[in-house]
Enquirer: 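This structure is in structure tokens; I'll ask about it shortly.
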Amino acid sequence: MPPPARNAAGQERLVADLRAAGCVFAEDEAAVLLASTDDPAELAALLARRVAGEPLEQVVGWAQFGAVRVPVEPGVFVPRQRSRLLVDLALATVPAPRTVVDLCCGSGALGAAVAAALAGPLELHAADLDAAAVRCATRTLEPFGGRVHRGDLYDALPGELRGRVDLLLVNAPYVPTVAIGLMPPEARLHEPRTALDGGTDGLDLHRRVAAGAPGWLAPGGALVLETSEDQAERTAAAVRAAGLDPRVHRCADLDATAVVGVRPPGPRTLA
Ligand code: GLN
């Protein structure tokens with residue numbers, strides 16, 4: 001198709017093409033595409049990728065997450081607006097953290113949003129299994145002095161963080177394997193399976209994250225874990241079984257659910 005013109009008629013065509021491709025927020029998406037390039041040929045190429053089903057954020061290479069703009073390469077999990085609940089809960093639970101870890105960090109949006117909200121100095125770490133995610137998160141966290149590690153959950157973290165983490169932010173995969181096929185094509189076809197698939201009941205990673213958390217959290221530190229409304233009680237049970245005190249939070253506006261598990265203040269006692 002010829003490159004869309006940057007006049008009113010061209011903009012209408014762009015919106016119409018996006019709408020025809022099934023984009024619900026076609027006007028908003030058109031504005032993002034238009035703001036991404038001045039070159040008509042590049043605009044046409046971006047539109048073609050979006051119309052073919054790639055997530056808008058991967059097409060333009062960034063996503064807005066609260067106050068931060070994060071890079072999102074093709075094949076990297078797109079930060080969901082619902083995950084802003086984790087940022088609010090983290091800061092409400094531990095208002096002045098010194099050490100923050102974003103585990104299963106993807107593009108690094110959670111760590112960056114917490115760091116951006118804090119005035120004081122912060123030791124910030126993030127980790128992910130996926131190389132492209134680690135590349136994006138490295139760019140995201142660079143302005144905050146954050147370090148990004150590649151590896152499987154806690155195995156990726158430097159050992160000197162044990163017992164010192166004030167906030168452990170985790171958006172681990174929690175979609176039950178059978179439900180992956182029901183996800184929108186943007187997720188199913190363009191995000192890594194490892195960022196979505198949480199195993200048979202979706203909670204494989206939650207159980208592992210919860211079991212490891214007490215060893216890494218500082219006294220009074222908090223695990224903040226995204227889950228779904230249906231799975232929340234089972235996520236909370238895994239957090240309780242690990243010895244943390246869990247609370248389920250739900251935000252209807254964001255359609256978001258999270259479990260916060262606090263490590264009791266004071267020295268750990270042997271049971
Ligand atoms: N239900 C989530 C979503 O697509 C899945 C994200 C995840 O597994 N962390 O928003």
Side-chain angles (χ1 to χ4, degrees), residues 22-25 53-59 63-66 70 72-90 101-114 126-130 132-134 136-137 140 152-154 156 167-210 212-213 223-236 238-239 248-261:
C23 302
V24 179
F25 301 105
E54 227 180 300
L56 180 70
E57 294 83 352
Q58 291 179 3
V59 169
Q64 193 69 35
F65 183 75
V70 298
V72 182
E73 286 182 22
V76 170
F77 181 81
V78 176
R80 313 291 202 251
Q81 294 308 317
R82 69 162 57 92
S83 303
R84 282 163 29 209
L85 175 64
L86 274 71
V87 177
D88 294 345
L89 292 172
V101 170
D102 180 351
L103 208 58
C104 306
C105 66
S107 61
L110 288 175
V114 166
D128 203 282
L129 199 52
D130 184 74
V134 167
C136 288
T140 304
D152 185 28
L153 298 184
Y154 301 103
L167 276 175
L168 185 54
L169 311 163
V170 190
N171 182 9
Y174 57 82
V175 180
T177 303
V178 289
I180 297 280
L182 306 174
M183 295 189 82
E186 275 99 338
R188 242 181 326 111
L189 305 177
H190 297 280
E191 294 184 319
R193 181 91 178 204
T194 47
L196 303 170
D197 191 340
T200 308
D201 66 353
L203 298 168
D204 284 0
L205 277 294
H206 285 186
R207 284 184 283 268
R208 290 179 57 208
V209 166
L223 164 67
V224 186
L225 187 55
E226 179 165 314
T227 187
S228 71
E229 199 170 6
D230 283 355
Q231 293 162 300
E233 283 312 321
R234 284 171 290 153
T235 298
V239 170
V248 175
H249 298 263
R250 167 95 193 135
C251 173
D253 284 354
L254 290 171
D255 184 23
T257 308
V259 172
V260 176

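Each residue takes its place number in the sequence, starting with 1. Read the numbers this way: they start at 1 and go in the same order the structure lists the ligands and their atoms. Just the heavy atoms: all of them, side chains too, but no hydrogens, waters or symmetry mates, feed the values below.
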Enquirer: Quick one, His249 with Thr257, criterion side chain to side chain contact (heavy atoms under 4.5 Å, CB included). Give me CA distance, side-chain angles, the key distance, then yes/no.
Expert: CA-CA 6 Å; His249 298 263; Thr257 308; over 6 Å; no
Enquirer: Without swapping roles, check the side chain of Gln58 against the backbone of Val72 for a donor-acceptor pair under 3.5 Å.
Expert: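 No, because the side chain of Gln58 does not come within donor-acceptor range (under 3.5 Å) of the backbone of Val72.
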Enquirer: Does some non-hydrogen atom of Glu226 fall short of 4.0 Å from ligand 1?
Expert: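 It does not; every heavy atom stays at 4.0 Å or beyond.
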Enquirer: Counting from 1, what ligand 1 atoms have a heavy atom of Met183 closer than 4.0 Å?
Expert: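 Atoms satisfying the 4.0 Å criterion: 4 (O).
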Enquirer: Is there a heavy atom of Ala187 sitting under 4.0 angstrom from any atom of ligand 1?
Expert: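 No heavy atom of Ala187 comes that close to ligand 1.
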Enquirer: I need the nearest protein heavy-atom contact for atom 9 (N) of ligand 1: residue, atom name and distance, please.
Expert: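 Checking every protein heavy atom, the shortest distance to atom 9 (N) of ligand 1 gives Asn171 OD1, 2.7 Å.
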Enquirer: Nearest non-hydrogen contact with atom 10 (O) of ligand 1 belongs to which option: Gln231, Arg82, Gln81?
Expert: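 Of the listed residues, Arg82 has the closest heavy atom.
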Enquirer: Just to check, does Ala195 reach to within less than 4.0 Å of ligand 1 when the distance is taken from its heavy atoms?
Expert: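 For ligand 1, residue contact (heavy atoms, under 4.0 Å) with Ala195 is present.
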Enquirer: What residue and heavy atom of the protein are closest to atom 5 (C) of ligand 1, and at what distance?
Expert: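 Ranked first by proximity to atom 5 (C) of ligand 1 is Val175 CG2, 3.6 Å.
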Enquirer: Indicate yes or no: does Arg250 engage Asp255 in a salt bridge with an N to O separation below 4.0 Å.
Expert: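 Judged by the 4.0 Å cut-off on N to carboxylate O distance, Arg250 and Asp255 do form a salt bridge.
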Enquirer: Please check whether Ala172 reaches ligand 1 - meaning an N/O of the residue sits under 3.5 Å from an N/O of the ligand, judged on distance alone.
Expert: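 It does: an N or O of Ala172 is found under 3.5 Å from an N or O of ligand 1.
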Enquirer: Please determine whether a side-chain nitrogen of the Lys or Arg among Arg208 and Asp152 lies less than 4.0 Å from a carboxylate oxygen of the Asp or Glu.
Expert: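 A salt bridge is present here (some side-chain N lies under 4.0 Å from a carboxylate O).
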Enquirer: How far is atom 8 (O) of ligand 1 from its nearest protein heavy atom, and which residue and atom name does that atom have?
Expert: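 Ranking protein heavy atoms by distance from atom 8 (O) of ligand 1, first comes Tyr174 N, 3.1 Å.
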Enquirer: Tell me the closest heavy-atom pair linking Ala210 and Leu223, and the distance in Å.
Expert: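 Looking at all heavy atoms of both residues, the shortest contact is CA-CD2, 4.3 Å.
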Enquirer: Is there a donor-acceptor contact under 3.5 Å linking the side chains of Tyr174 and Glu226?
Expert: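 Judged by distance alone, the side chains do pair up.
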Enquirer: Are side-chain N/O atoms of Arg84 and Gln81 paired as donor and acceptor at under 3.5 Å?
Expert: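 On atom types as modelled, these side chains qualify, holding a pair under 3.5 Å.
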